[in-house]
Enquirer: 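So that we are looking at the same thing, I have put the structure below in structure tokens.
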Number of protein chains: 2
Amino acid sequence: MDFIRQVLDRVGDKWSLLVIAALEAGPLRYTDLQRHVPGISQRMLTLTVRQLQQDGLVTRTAYAEVPPRVEYALTSLGRSLHHIVTSLITWVADHHGQIREHRAHTATRP
Amino acid sequence: MDFIRQVLDRVGDKWSLLVIAALEAGPLRYTDLQRHVPGISQRMLTLTVRQLQQDGLVTRTAYAEVPPRVEYALTSLGRSLHHIVTSLITWVADHHGQIREHRAHTATRP
DNA sequence: CAGCATCCGCTGGGATACTG
DNA sequence: CAGTATCCCAGCGGATGCTG
């Protein structure tokens, strides 16, 4: 049961999810990826893609050009996860209204 | 797009996911819940259920008895999310083998 | 039983500046 | 452009002890 936690820590990570979602449409290079995931810092983007790469969810392809170009893309494994990520994001989009309501209701009451 | 992050922070939280998964089968009381989520501390369990409650994903029902009894259950909103959580956990169970392989391959190479 | 309170170490993660 | 390196702090989260 703890291997689930191991992977959930990775997969359930907000940045990972958003990066995967961003790569849904197709490969992106570093800067574009950063644009597609608003709020992510350079550090976190680098760490996140590295993790995802180590887990075999994304590929990193560096082109020996000037200027340098690096493209990140989902692997088939990554794509199989993407379906779930989409469901999750859709769910959030559908229900975040209700959630905000509830939050307002139960707001930090002394 | 940042409201997604707001909710993903909650929903993508490992403990939240595991608590929701634990409540799938039916209501649980505090101690039972803790047993169903191995590794969670009292503090984190309390905080997590409180968050989930504030977001309207779970209900907390206290029975004025001796000894005290408190039961946590998913709301309909929580159940609608649970479907996705199940998919996610199923996916993890299905693919964690591949992921472990990849991790071994790409292990921290100097 | 179901928690709240407190102390505290650890690290996630932002800001900034520098390289190939 | 695509990162790496460093500093630094907030807050996550564990351990322990106490209450209703």
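Model, not experiment: these values are computed from the prediction.
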Enquirer: A:Gln42: what forms a side-chain contact (heavy atoms from CB on, under 4.5 Å) with it, not counting sequence neighbours?
Expert: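 Counting only residues at least two positions away or on another chain, A:Gln42 forms a side-chain contact (heavy atoms from CB on, under 4.5 Å) with A:Tyr30, A:Gln34.
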
Enquirer: Five pairs at each end of the helix from C:dC1-D:dG20 to C:dG20-D:dC1: take the axis at both ends and give me the angle between them to 10°.
Expert: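 Terminal axis comparison yields 50°.
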
Enquirer: Taking atom CG of B:Leu81 and atom CG of B:Asp55, what is their separation to the nearest 0.5 Å?
Expert: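 Those atoms lie 10.5 Å apart.
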
Enquirer: Between atom CG of B:Leu88 and atom CD1 of A:Ile84, what is the distance when rounded to the nearest 0.5 Å?
Expert: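 The distance works out to 5.5 Å.
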
Enquirer: Taking salt bridge (charged side-chain N to carboxylate O under 4.0 Å, His left out) as the cut-off, I'd like each qualifying pair that reaches into residues 77-86 of chain A, sequence neighbours left out, listed once.
Expert: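 For residues 77-86 of chain A, and leaving out neighbouring residues, there are no salt bridge (charged side-chain N to carboxylate O under 4.0 Å, His left out) pairs at all.
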
Enquirer: From A:His102 NE2 over to A:His95 NE2, what is the distance, rounded to the nearest 0.5 angstrom?
Expert: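 Reported value, rounded in 0.5 Å steps: 10.5 Å.
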
Enquirer: Pairs of donor and acceptor atoms involving the side chains of residues 15-28 of chain A, under 3.5 Å and at least two apart or interchain, shall be tabulated with distances.
Expert:
unit_1	atom_1	unit_2	atom_2	d
A:Ser16	OG	A:Arg10	O	3.1
A:Ser16	OG	A:Asp13	OD2	3.3
A:Glu24	OE2	A:His82	NE2	3.4

Enquirer: Whole-Å distance between C:dA5 C1' and B:Arg50 CZ?
Expert: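 That distance rounds to 11 Å.
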
Enquirer: Contact class for A:Tyr63 vs. all strands (heavy atom < 4.0 Å): base, sugar-phosphate, or nothing?
Expert: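 Nothing, no heavy atom under 4.0 Å.
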
Enquirer: Extract, from 5' to 3' on DNA chain D, the first and final nucleotides lying under 4.0 angstrom from some heavy atom of chain B.
Expert: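 Listing 5' to 3', DNA chain D meets chain B from D:dG13 to D:dG20.
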
Enquirer: What distance do A:Gln98 atom CD and A:Arg103 atom CZ have between them, rounded to the nearest 0.5 Å?
Expert: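 It comes to 13.0 Å.
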
Enquirer: Can you list, pair by pair, the side-chain donor-acceptor contacts under 3.5 Å of residues 63-75 of chain A, counting residues two or more places apart and other chains?
Expert:
unit_1	atom_1	unit_2	atom_2	d
A:Glu65	OE1	A:Arg69	NE	3.3
A:Glu65	OE2	A:Arg69	NH2	3.1
A:Tyr72	OH	A:Arg60	NE	3.4
A:Thr75	OG1	A:Gly56	O	2.7
A:Thr75	OG1	A:Leu57	O	3.2
A:Thr75	OG1	A:Leu77	N	3.3
A:Thr75	OG1	A:Gly78	N	3.0

Enquirer: Sort and list the pairs that fulfil salt bridge (charged side-chain N to carboxylate O under 4.0 Å, His left out) and have at least one residue in residues 30-51 of chain A, not counting sequence neighbours.
Expert: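 For residues 30-51 of chain A: none.
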
Enquirer: Check the distance between C:dG3's P and B:Glu71's CD and give it to me in whole angstrom.
Expert: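 After rounding, the gap between these two atoms is 12 Å.
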
Enquirer: So which of residues 28-35 of chain A are in contact with DNA chain D, with a heavy-atom cut-off of under 4.0 Å?
Expert: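 Residues of residues 28-35 of chain A that come under 4.0 Å of DNA chain D are, in numerical order, A:Arg29, A:Tyr30, A:Thr31.
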
Enquirer: Listed by chain and number, what are the side chain to side chain donor-acceptor pair (under 3.5 Å) partners of B:Ser80, not counting sequence neighbours?
Expert: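 Checked B:Ser80 against side chain to side chain donor-acceptor pair (under 3.5 Å); matches are A:Trp91.
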
Enquirer: With a 4.5 Å limit on heavy-atom distance, are the side chains of B:Leu47 and B:Met44 in contact?
Expert: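 Counting from C-beta outward, B:Leu47 and B:Met44 do come under 4.5 Å.
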
Enquirer: Does the side chain of A:Val37 reach to within under 4.5 Å of the side chain of A:Thr48, using non-hydrogen atoms?
Expert: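 With C-beta onward as the side chain, the pair stays apart.
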
Enquirer: For a quick check, with a 4.0 angstrom heavy-atom cut-off, what is the B/S/- contact string for nucleotides 7-17 of chain C, read 5' to 3'?
Expert: ------BB--B

